[in-house]
Amino acid sequence: MNNVFERMTPRSIRIMYTIVTLIVLSVTLIHAFDVMVFRATSNDQCGWLVRKDGKPGLIITDVVPGGVTDRAGVRNGDILLKINGKGFTDSQPAMAIVNAMKPNEYAEYFIERDGKTFTTHVQILKIFDIRYFSLFFLGLGFLVVGFIVVMTRPQGIIQRMFARFGILSMLFFGASQLNLTGEPAWKFYTLGVAFSIGWIFALPYFITFFLHFPVRKKILCRMWLKPVLYAYSSVSVLPLIFNLVKDLPPFVGVILNYTPLSFFVAGL
């Protein structure tokens with residue numbers, strides 16, 4: 001890879017990194033507006049649990065006193081059978097229904113309580129996703145700094161490595177909070193591929209970059225290191241892309257959730 005760059009002029013390297021940076025920034029900005037604005041997570045100020053007997057509907061839990069669900073007359077232990085006339089047996093399709101609604105719209109909840117059913121209307125609130133907002137700007141910070149570094153010295157090996165670190169960080173953090181349920185095919189494949197690339201390449205790079213900088217570590221000479229890191233990141237992304245986490249043992253889900261943080265902190 002370095003030999004390829006050695007045959008390129010500084011201007012060519014700058015153009016290449018500029019194009020890649022703009023592509024990554026565009027894709028992640030589309031996703032950011034999706035998460036924060038167009039598909040912002042809805043909240044009805046209560047919790048939902050899947051019914052263990054496999055019957056349709058969700059069990060209402062943790063109703064916030066004085067909240068929108070409480071004011072609508074819904075109580076803990078009620079069974080939510082339908083939202084806006086649509087039934088479900090899992091929380092994900094139910095969330096897709098309310099997430100598609102605009103802020104402060106009212107959803108029609110079809111409720112079962114003590115064998116009797118009734119309909120009520122619950123105001124849907126929208127959540128400002130501070131977690132994703134923080135991750136997006138973390139990735140954006142690395143992207144901007146990496147771009148400035150490589151523009152300053154495009155023929156420097158470490159500078160190019162740090163620019164790639166910034167690009168992969170933006171791709172990984174910016175494409176997180178992925179929920180593509182009901183999305184058109186173009187968005188599913190664009191964001192799905194972006195997230196997969198970010199996960200597969202960013203996680204190992206979080207570690208290997210800091211094994212090069214500021215001092216090259218001897219462990220880089222181990223032939224097994226990179227194959228193991230990339231194999232793990234490649235395998236661990238599959239349950240996330242194909243939405244298989246819920247079918248795995250709980251401890252596996254915990255490991256997957258903490259994998260990015262573990263790689264990032266390990267690198268630092």
Just how far is it from atom CZ of Phe172 to atom CZ of Phe206, taken to the nearest 0.5 Å? 6.0 Å

Plane angle bin for Phe209 and Phe165 - parallel if under 30°, tilted between 30 and 60°, otherwise perpendicular: tilted

For residues His31 and Tyr132, determine if any side-chain heavy atom of one lies less than 4.5 Å from a side-chain heavy atom of the other. yes

Examine the side chains of Asp44 and Tyr109 and answer whether a donor and an acceptor come within less than 3.5 Å of each other. yes

Flag for Tyr17-Arg160: side-chain donor and acceptor within less than 3.5 Å: no

Would you please say whether a donor-acceptor pair under 3.5 Å links the side chains of Thr9 and Ser12? yes

Side-chain heavy-atom pair Val150, Phe162 within 4.5 angstrom cut-off: no

For the residue pair Tyr232 / Thr259, report whether a side-chain donor-acceptor contact shorter than 3.5 Å exists. yes

We want to know whether Trp199 and Ser236 form a side-chain donor-acceptor pair, criterion being a heavy-atom distance below 3.5 angstrom. yes

Without hydrogens or angle criteria, can the side chains of Lys126 and Ser42 be said to hold a donor-acceptor pair below 3.5 Å? yes

Before you tell me yes or no, could you show the steps for Arg153 and Val149 under side-chain contact (heavy atoms from CB on, under 4.5 Å), namely the whole-Å CA-CA distance, both residues' side-chain angles and the distance that decides it to 0.1 Å? CA-CA 6 Å; Arg153 193 183 175 192; Val149 167; over 6 Å; no

Mind checking whether Leu58 and Arg51 have side chains closer than 4.5 Å, heavy atoms only? no

From Leu140 CG over to Thr28 OG1, what is the distance, rounded to the nearest 0.5 angstrom? 7.5 Å

Would you say Pro154 and Gln159 make side-chain contact, with heavy atoms under 4.5 Å? no

Establish, from distance only, whether the side-chain atoms of Gln123 and Asn104 form a donor-acceptor pair under 3.5 Å. yes

Run the ring-centre check on Phe264 versus Tyr258 and record whether the distance is less than 6.0 Å. no

